There are 2 protein chains.
Amino acid sequence: MEKIKVTIIGAGNVGTHLAKRFFEKKIEIIQIFSRELQKAEILAKEVEAKATNDLTKINDLADVYIVAVKDDAIEMVARQLPFKSKLVVHTSGAKSSKVFESHIKNYGVFYPLQTFSISKEANFEALPICIFAELASSQLILNQLAKRICPNVYVIDDEQRATLHVCAVMVNNFTNFMYVMAEDILNKEQLKLDILRPLIQETVNKIQKYPAQLMQTGPARREDKQTISQHLQFLEKYPDYHKVYELLSESIIQKYK
Amino acid sequence: MEKIKVTIIGAGNVGTHLAKRFFEKKIEIIQIFSRELQKAEILAKEVEAKATNDLTKINDLADVYIVAVKDDAIEMVARQLPFKSKLVVHTSGAKSSKVFESHIKNYGVFYPLQTFSISKEANFEALPICIFAELASSQLILNQLAKRICPNVYVIDDEQRATLHVCAVMVNNFTNFMYVMAEDILNKEQLKLDILRPLIQETVNKIQKYPAQLMQTGPARREDKQTISQHLQFLEKYPDYHKVYELLSESIIQKYK
């Protein structure tokens, strides 16, 4: 296996977690870029790389350039990179790889499918990395690189990644919003989400083993209209949550008709 | 601690799990009732109790009578019980304890807050049991009984239990529906929910440690309208899920305004 060297553009959540993981796995990091020099320097020191806050100073010594910046900034970064033929990838779930097309010939995606928080260790043993490259030879390099830091590597094209991203929003962001609603109501009624934590855990345990469709329970699944209308009456003082409860109950009833 | 004896009316999910747990913890079970005699007999044998399918044959040897039947059948059971002064409780999250009022003097609730499946072991070490009784002396008995099988016992009145039940629907049933939607879309697009399992697990891990409100991420939280409208465009072929995505995104944006 040849030694792949990387440069990381962006020192936010994704950039930081990737840099640390590469370093841990003894993959050489050439440069860390951040618009804030200090941020770049702190991370660069930790992973024994050089820091810069000037995109035009990014050198051509790396094999893979990982652009881990906000979706809207990816194209701007691509435009300013001082080379055209190196392999450049972004880490976004939502952006097409085509965002690079008019600036970079050799492009792709290196998307760790996870919800990163800067304060929390990323679990690269569990999270999947979705890779894609325009050129087959580049795909091999990305696969090699991803495998070094993560056992679950999937080749996923732009269209599949878009689908995955929609579904990731559902199972991650929307699920969290269910917890937000419950937490908010319980706090306002002098109760605590703690009492529901075992139920929250059990709901997920089931889904790790069985198809979600078979695990659906509850008043809407049973078409228990009396309970649904009691709940909606209770939620009248929470009009936004009332709407959510009503639509989700209708959707579950429709789905199982 | 005096020896509390119980009789269990209903041999469905809740009745079965409770009976087995009482037996495991050496609490004497006098009778098991089920409309289907064979069902009552199988469970009764397992927990060394007597079986009956006749409500009028339920004797007065137990201290607590646990009515673990469908919500709509609770009152009918209460009406037919051949005594008025024994402690009778139901196991429902949705029904008021007042359902007993015109038939039973000494009533209450013994509600294990969990999603039971008949095939799966219930984890009484983790799930909470919510108890309530009209009479303080009965509340003491229920507390003693619950503590014997479960470390997390909460005294929860009818109003609080109604609130908890609404929130349990949100964190359990609605969350599962998020998984159902994702599973359905991924299957139709030749992808698998497996790839999202680590993300599903991570979403819950966070919530076991941090307030849900601080853990909200995603396009709606960032008011990333471009991604939201891409996702909605993708979901046009799934009109029911389109509605859910749209409303939940709006609700998240509103909540964090």
Side-chain angles (χ1 to χ4, degrees), chain A residues 94 113-115 126-128 154 160 162-164 166-183 185-186 189 191 195-204 207-208 211-213 215-221 227 230-231 234-235 240 243-244 247-248 251-252 254-255, chain B residues 94 113-115 126-128 154 160 162-164 166-183 185-186 189 191 195-204 207-208 211-213 215-221 227 230-231 234-235 240 243-244 247-248 251-252 254-255:
Chain A
L113 209 170
Q114 188 56 285
T115 167
L127 70 85
Y154 296 84
Q160 291 173 315
T163 303
L164 269 182
V166 173
C167 294
V169 167
M170 291 171 172
V171 302
N172 174 11
N173 309 143
F174 290 171
T175 290
N176 191 75
F177 191 62
M178 300 300 125
Y179 307 151
V180 169
M181 293 193 297
E183 184 178 72
I185 292 170
L186 292 171
E189 312 277 341
L191 289 158
I195 193 172
L196 293 180
R197 286 189 204 283
L199 181 62
I200 290 174
Q201 188 57 55
E202 179 64 11
T203 306
V204 173
I207 219 59
Q208 302 293 12
Q213 201 177 331
M215 292 300 112
Q216 189 66 51
T217 56
R221 177 69 184 88
T227 300
Q230 271 175 33
H231 286 182
F234 169 83
L235 288 170
D240 288 346
K243 270 192 247 169
V244 170
L247 179 64
L248 288 176
S251 304
I252 293 170
Q254 279 308 315
K255 172 81 189 163
Chain B
L113 210 170
Q114 188 56 284
T115 168
L127 68 87
Y154 296 84
Q160 291 173 315
T163 303
L164 269 182
V166 173
C167 294
V169 167
M170 290 171 174
V171 303
N172 173 11
N173 308 144
F174 290 172
T175 289
N176 191 76
F177 191 61
M178 300 300 124
Y179 307 150
V180 169
M181 292 193 298
E183 185 178 70
I185 293 170
L186 291 172
E189 312 277 341
L191 289 158
I195 193 171
L196 293 180
R197 287 189 203 282
L199 181 64
I200 289 173
Q201 188 56 55
E202 178 64 12
T203 306
V204 173
I207 220 59
Q208 302 294 13
Q213 202 178 330
M215 290 300 112
Q216 190 66 50
T217 56
R221 177 69 184 88
T227 299
Q230 272 174 32
H231 285 182
F234 168 82
L235 288 169
D240 287 347
K243 270 191 245 167
V244 170
L247 180 64
L248 289 176
S251 304
I252 293 169
Q254 280 308 315
K255 172 81 189 162

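The chains referred to below are lettered A, B, ... by the order of the sequence lines, with proteins before strands, and numbering in each begins at 1. Keep in mind that what you see is a predicted model, and the values were worked out from it rather than measured.
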Set of side-chain contact (heavy atoms from CB on, under 4.5 Å) partners for Q160(B), sequence neighbours left out
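In terms of side-chain contact (heavy atoms from CB on, under 4.5 Å), with neighbours along the sequence ignored, Q160(B) is linked to L191(A), I156(B), D157(B).
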Hey, are the side chains of V169(B) and T227(A) touching, using non-hydrogen atoms and a 4.5 Å cut-off?
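Sidechains of T227(A) and V169(B): no contact.
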Under 4.5 Å from a heavy atom of chain A, the part of [X] involved:
{"X": "V244(B)", "answer": "both"}
{"X": "Q213(B)", "answer": "both"}
{"X": "Q216(B)", "answer": "both"}
{"X": "I207(B)", "answer": "both"}
{"X": "T175(B)", "answer": "both"}
{"X": "F177(B)", "answer": "both"}
{"X": "Q230(B)", "answer": "side chain"}

My understanding is that only residues two or more places apart in sequence, or in another chain, count here; which of them pass salt bridge (charged side-chain N to carboxylate O under 4.0 Å, His left out) with E183(A)?
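For E183(A), no residue satisfies salt bridge (charged side-chain N to carboxylate O under 4.0 Å, His left out) once neighbours in sequence are set aside.
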Nearest-0.5 Å distance, OG1 of residue T217(B) to CG of residue N173(A)
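If we round to the nearest 0.5 Å, T217(B):OG1 and N173(A):CG are 4.5 Å apart.
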Under a 3.5 Å cutoff, is there a donor and acceptor pairing between the side chains of N176(A) and T203(B)?
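Absent: no donor and acceptor within the cut-off.
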